[in-house]
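So you know, we letter chains A, B, ... as the sequences are listed, proteins then strands, and number each from 1.
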2 protein chains.
Amino acid sequence: MKVDRSVSSSAERILAAADKLFYRQGIRAVGVDAVAAEAGVSKRTLYNYYPSKDDLIAAYLTARFRHLEPSDAPAREQILGNFDRLERMFADGSFRGCPYVNAVTELGDPKHAAAGIALQFKEQRRVWFRVLLERLQARDPDALATQLQILVEGALASALVRGDPALARSARAAAEVLLDAAGARRPVRSVRPTRRAR
Amino acid sequence: MKVDRSVSSSAERILAAADKLFYRQGIRAVGVDAVAAEAGVSKRTLYNYYPSKDDLIAAYLTARFRHLEPSDAPAREQILGNFDRLERMFADGSFRGCPYVNAVTELGDPKHAAAGIALQFKEQRRVWFRVLLERLQARDPDALATQLQILVEGALASALVRGDPALARSARAAAEVLLDAAGARRPVRSVRPTRRAR
DNA sequence: TTGCAGGTAAACAGGTCGGTGTACCTATGA
DNA sequence: TCATAGGTACACCGACCTGTTTACCTGCAA
């Protein structure tokens with residue numbers, strides 16, 4: 001298999017191949033041989049960069065880690081925009097569930113590095129919600145953040161078994177009800193008061 | 001391994017063994033040899049009852065299928081009781097996620113029988129919610145049923161990566177807010193007004 | 001030119017997978 | 001008494017798994 005070696009390093013290509021195959025077909029369903037072949041790299045080289053499949057799995061999950069940072073956009077928009085992103089993901093056709101939850105499910109072992117990475121990611125998003133909720137001066141931002149996190153997780157799992165993108169809209173509508181009930185109907189101090197909704 | 005053959009049929013023991021091992025360790029992580037050994041049955045016999053592992057998987061999921069029927073108890077209690085059951089499951093220690101979602105994740109293939117069974121089960125619970133919501137004369141029972149389903153799914157997934165039973169209470173609180181917002185604050189026409197909560 | 005780092009291809013080791021083939025055992029009922 | 005259904009024990013098959021070894025190739029710098 002011919003691969004343009006100048007475009008990216010071997011390590012990067014291996015990681016890209018692992019991401020594609022692990023997510024699409026499942027971690028346990030894909031062997032290291034397949035990953036090496038997809039990356040256009042010999043198995044020896046793969047094991048040079050990642051000493052074991054478990055290391056590769058951990059690297060795959062870590063690479064998927066996107067550091068969330070609340071932006072300057074209106075908090076409510078940011079929160080609800082999350083669900084719009086979900087809807088786009090569901091409609092994409094290549095959606096196969098949350099990679100972190102999938103890894104935990106597939107590996108089973110709670111002591112596997114993947115379990116810790118998954119927990120870290122989920123907690124990061126929960127905190128991201130909480131910061132935005134504090135900005136909205138919502139009641140009990142911590143509890144509400146957990147509930148929004150549950151809605152996201154539920155939309156992901158539901159869309160996995162029933163591939164309906166509209167599930168994201170259902171979750172979004174529920175989130176709006178929860179936000180309203182927590183007294184976050186409108187931003188208290190919006191960055192730009194004239195900005196219209198969405 | 002000595003097994004009391006009079007207690008249950010071979011088929012039942014095989015199914016019980018599959019249930020225990022598949023759920024605890026994962027479908028892909030458990031071989032048919034292990035299931036046969038756990039059931040105290042030869043592999044030949046196992047293949048006599050279940051011609052392939054896929055058949056056994058389908059039987060395992062079907063056997064987990066509990067037919068939900070709305071009872072005469074107050075509808076709101078029934079709905080919220082669902083989340084209390086979740087909390088007990090999470091606290092049990094042997095919780096390993098939703099078996100249907102796990103099967104879909106582990107098998108990957110959307111054409112596998114497991115995918116259909118999972119979908120059937122989820123839809124059944126959604127309808128169960130809807131019937132109860134209609135009884136409560138809630139606004140848009142269909143949409144709200146989907147949202148409650150998402151909450152359940154989200155609690156299951158969240159508890160899988162972060163084993164905190166309190167997540168069920170968070171989901172329950174969110175469900176209460178959604179119910180209230182849909183005008184289902186109290187049962188409008190309870191079946192037997194004097195009947196106490198079961 | 002030489003030396004060598006870093007890559008390749010391919011075979012191999014030791015094990016597990018789903019599934020089959022074979023030969024033996026045993027309880028039951030005609 | 002004997003046939004048979006249904007079970008057991010166990011070796012076996014080919015495929016695939018993670019991970020290692022071997023031997024060779026190639027670009028580049030001293």
Side-chain angles (χ1 to χ4, degrees), chain A residues 1-19 21-22 24-61 102-103 106-109 111-114, chain B residues 1-22 24-61 102-103 105-109 111-114:
Chain A
M1 182 175 298
K2 210 59 190 159
V3 173
D4 187 351
R5 214 155 269 99
S6 67
V7 166
S8 55
S9 75
S10 291
E12 285 168 344
R13 271 180 297 121
I14 292 167
L15 211 51
D19 184 274
L21 297 181
F22 282 167
R24 298 238 267 244
Q25 292 165 230
I27 291 172
R28 295 197 85 119
V30 171
V32 288
D33 305 73
V35 175
E38 173 74 26
V41 141
S42 76
K43 207 159 50 149
R44 200 71 194 82
T45 302
L46 187 152
Y47 272 99
N48 183 33
Y49 287 106
Y50 306 96
S52 76
K53 188 181 181 180
D54 281 338
D55 288 275
L56 183 56
I57 293 168
Y60 149 63
L61 291 178
N102 289 359
E106 289 200 82
L107 301 174
D109 179 14
K111 293 200 301 293
H112 194 288
Chain B
M1 182 174 300
K2 209 59 189 160
V3 173
D4 187 351
R5 215 154 268 99
S6 67
V7 167
S8 54
S9 75
S10 291
E12 284 167 346
R13 272 180 296 120
I14 292 167
L15 211 50
D19 184 274
K20 175 176 164 186
L21 297 181
F22 282 167
R24 299 240 267 245
Q25 294 165 231
I27 292 173
R28 295 197 85 119
V30 171
V32 286
D33 304 74
V35 175
E38 173 74 27
V41 139
S42 74
K43 204 157 56 148
R44 209 78 189 86
T45 302
L46 187 151
Y47 272 98
N48 185 33
Y49 288 106
Y50 306 97
S52 75
K53 188 182 181 181
D54 281 339
D55 288 275
L56 182 57
I57 293 168
Y60 149 64
L61 291 178
N102 289 358
T105 299
E106 289 199 83
L107 301 175
D109 180 14
K111 293 198 301 290
H112 195 289

Can you name the atoms? Protein N/O to nucleotides 14-18 of chain D N/O, anything below 3.5 Å, with the distance.
| unit_1 | atom_1 | unit_2 | atom_2 | d |
| --- | --- | --- | --- | --- |
| D:dT18 | OP1 | A:K53 | NZ | 2.7 |
| D:dT18 | OP2 | A:V32 | N | 2.9 |

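- Counting only heavy atoms from C-beta outward, the side chains of B:N102 and B:I27 never approach each other to under 4.5 Å.
- Nearest heavy atoms, B:I14 versus B:L46: CD1-CA, 3.8 Å.
- Atom CZ of B:F22 and atom P of C:dC17 are 11 Å apart (whole Å).
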Next item on the list: Please test B:I57 against B:H112 for side-chain contact (heavy atoms from CB on, under 4.5 Å), starting from the C-alpha separation and ending with a verdict.
Entry: CA-CA 10 Å; B:I57 293 168; B:H112 195 289; 4.2 Å; yes
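- In this structure, B:N48 does not reach the D:dG6 phosphate: none of its side-chain N or O atoms is under 4.0 Å from OP1 or OP2.
- With hydrogens and angles ignored, no donor-acceptor pair closer than 3.5 Å exists between the side chain of A:R44 and the base of C:dG7.
- Here the CD-CG distance, from A:E106 to B:L107, works out to 9.5 Å after rounding to the nearest 0.5 Å.
- Note on B:Y49: only backbone sugar-phosphate atoms sit closer than 4.0 angstrom, heavy atoms only; bases stay farther off.
- Contact annotation: A:T45 side-chain N/O to C:dT8 OP1/OP2 distance is under 4.0 Å.
- The distance from atom CG of A:L46 to atom P of C:dA9 is 13 Å, rounded to the nearest whole Å.
- Sorted by first then second residue, the ring pair (Phe, Tyr, Trp, His ring centres under 6.0 Å) pairs that include residues 39-61 of chain B, not counting sequence neighbours, are B:F22-B:Y60.
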Next item on the list: Test side chain to side chain donor-acceptor pair (under 3.5 Å) on B:S52 and B:D55 and set out the steps.
Entry: CA-CA 5 Å; B:S52 75; B:D55 288 275; 2.5 Å; yes
